[in-house]
Every structure is written in C-alpha cells, then in structure tokens.
There are 2 protein chains.
Amino acid sequence: MPDRSDDLFRAMADPTRRRVLDLLAEHGTLTVSELAAHFPDLVASGISKHLMALRAAGLVTATREGRHQRYAIDADTMAEAMAPWVARYEAYWSGALARLRDAATDA
Amino acid sequence: MPDRSDDLFRAMADPTRRRVLDLLAEHGTLTVSELAAHFPDLVASGISKHLMALRAAGLVTATREGRHQRYAIDADTMAEAMAPWVARYEAYWSGALARLRDAATDA
DNA sequence: GCGACGTCTTACCGTACGGTAATGCATTAC
DNA sequence: GTAATGCATTACCGTACGGTAAGACGTCGC
C-alpha cells in the first residue's frame, strides 16, 4: 500500500470537502441529498463528485440504502493517514490544543 | 482576522511544500539553497515560489542573513490553525496515535 | 567601482481542478 | 409496464496551480 497522505491532503485542500467531512463527523452518516441540502450554491452532481474524491482518498465509505447512498467517515483511513503527520508536528500545536481545551472548560 | 484554514490546507496540499515543512521541522532553520539541495528535480526559483506560498499562508517566517534568507516554521500560526481541526477529529486518530507511540516505544 | 552570488519577481506554458449540464442506471411509486 | 426519483458518470469550460526560464534587486568579494 503506497503512501496515502498525498491523496489525503489533496482531498482536504478543498473547503467544500472539508465541510462535508465536518458534517459527517457531526451527524454520523448522511445521504447525498442530505449533504446537498447544506450546500445551496452547488448542484447535486457537484456534491457527488466531491464524495467520489473523498471515496478515492479513502476518507469516506458508502453503503447503499434503497435508492439512497449513505456516506460515513472511514475512521481507520482517517486515523492511519493523519496520525503520523499529527505526531510529527505535535510539539507545534499541543500548546494551542491545551489552550483550546481550557477555553472549552471555562465556558 | 478571517479564517486561515483555507490558506493552510491549500498550502499543505502540495507534497513539495509538505516536505519543505518536514525539513524545516527537522533542521530548525534552513536557507533557500539548503532547501533546494533536497529537491534535485526542481529549479531554485521553484523552491522560492513554494516558500512564498508558505509565507502567504503564515506557516513559515523568513529572516535575512547576509545575502541568504533563513526560513523557519511559524509555530504560532501552525498551532492556531491546526489545533481546532485536530481537536475536531481527535476521536478518529487518537487510537492510531496511541498505537504509533506504542510501536515507537517497542522498537 | 565591478563581477559573482543568492534570492525574489515576472511572464509564460501545460495540466489539473472545481463547477455545471446532460446522460445513464438503478430503485421506488403508480 | 411506465414514470419519477436518487445518484453516478461523462463531457465540457474557465480558472488556478506547479513548473521553468529570464530578468531585477540587493549583498558579498575583489
């Protein structure tokens, strides 16, 4: 298996795809039309295309559900692809992450 | 200040720029020619262009040193831009990160 | 001063990407 | 069966991006 970080970072370069991942992380699973409802400026096929890119990168998985297609984050791929990078730069953001947690607990 | 995550992820979409960041993280600071030595397939101005992109994203800082230009990672920007994203998906990669640490200690 | 060096800048080119529109292919409703 | 729905796929277009090449600018050695 080749290094997938290239596909991963390229897939996350687009803000629409990052928002799709955010929506999936928040709702667990979503269909294409449910996702498309959050993007009024985009045509449905555009969302489908982005989902294809995310599938190609291995970041999401799709399961048929009647005539719908239900998408979810592929936790394993996300983890294995991100962990090395996160670990490498941990020293740079660990402080900010701690501050973020403090701010959350203070609120 | 607008959301900088767009510039950040776009800057990291290119594998050359990610490798530049890796080299800076490893060596601390490097000049353009020192960096260019690691990329035999690229012309020097190409490296400079990538560095400009990284500077525009706020990921690196440059300080003059005679006729050289010494680059270093901007830890603050890196941290503040990445921390929210890392925190959001922490559940997905925390397990893999722990396994990565275990593997490192086993070795 | 002058020339060599290091870097930035600009112009240019090919390709890849995001977007829409149109078509095809299942599945559901009637 | 027929029509409508949901999604994938293809073709196409404009733009942005990565790359090189050439020139401009400041700095060092002489």
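The chains referred to below are lettered A, B, ... by the order of the sequence lines, with proteins before strands, and numbering in each begins at 1.
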Ignoring hydrogens and angles, tell me if any N or O in the side chain of [X] forms a donor-acceptor pair with the backbone of [Y] under 3.5 Å.
{"X": "B:R18", "Y": "B:M12", "value": "yes"}
{"X": "B:T31", "Y": "B:H68", "value": "no"}
{"X": "B:Y89", "Y": "A:D22", "value": "yes"}
{"X": "A:R10", "Y": "B:P15", "value": "no"}

Is the phosphate of [N], meaning OP1 or OP2, less than 4.0 Å from a side-chain N or O of [X]?
{"X": "B:S45", "N": "D:dT20", "result": "no"}
{"X": "B:H68", "N": "C:dT7", "result": "yes"}
{"X": "B:H50", "N": "D:dG19", "result": "yes"}
{"X": "B:Y71", "N": "C:dC8", "result": "yes"}
{"X": "A:R17", "N": "C:dG18", "result": "yes"}

| message | Can you tell me which nucleotide in D:dA8, C:dC8, C:dG6 comes closest to the side chain of B:S33? | response |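 Side chain of B:S33 sits closest to C:dG6.
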| query | With respect to the side chain of A:M52, which nucleotide from D:dT9, C:dC8, D:dA21 is positioned closest? | reply |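 The answer is D:dT9, which lies nearest to the side chain.
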| field | Comparing A:S48 and B:T16 on DNA chain D - which has the more 5′ nearest nucleotide | value |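 Looking at DNA chain D, the more 5' nearest nucleotide goes with A:S48.
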Length of the line joining [X]:[atom1] and [N]:[atom2], which is rounded to integer Å:
{"X": "A:D14", "N": "D:dC17", "atom1": "CG", "atom2": "C1'", "value": "14 Å"}
{"X": "A:I47", "N": "D:dA8", "atom1": "CD1", "atom2": "P", "value": "11 Å"}
{"X": "A:K49", "N": "D:dG6", "atom1": "NZ", "atom2": "P", "value": "22 Å"}
{"X": "A:R10", "N": "C:dG18", "atom1": "CZ", "atom2": "P", "value": "8 Å"}
{"X": "A:L51", "N": "D:dC7", "atom1": "CG", "atom2": "P", "value": "10 Å"}
{"X": "A:M12", "N": "C:dC17", "atom1": "CE", "atom2": "P", "value": "16 Å"}
{"X": "A:D6", "N": "C:dC17", "atom1": "CG", "atom2": "P", "value": "12 Å"}
{"X": "B:L42", "N": "D:dC17", "atom1": "CG", "atom2": "C1'", "value": "14 Å"}

| task | Could you pull out the closest heavy-atom pair between A:A62 and A:Y71, with the gap in Å? | result |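 Heavy atoms of A:A62 and A:Y71 come nearest at CB-CE2, 3.5 Å.
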| query | Would you say the base of D:dT5 and the side-chain of A:R67 have a donor-acceptor pair closer than 3.5 Å? | reply | yes
| request: Look at all strands and tell whether B:G66 reaches a base, only sugar-phosphate, or nothing, counting heavy atoms closer than 4.0 Å. | output: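 Sugar-phosphate contact only - B:G66 comes under 4.0 Å of backbone atoms but never of a base.
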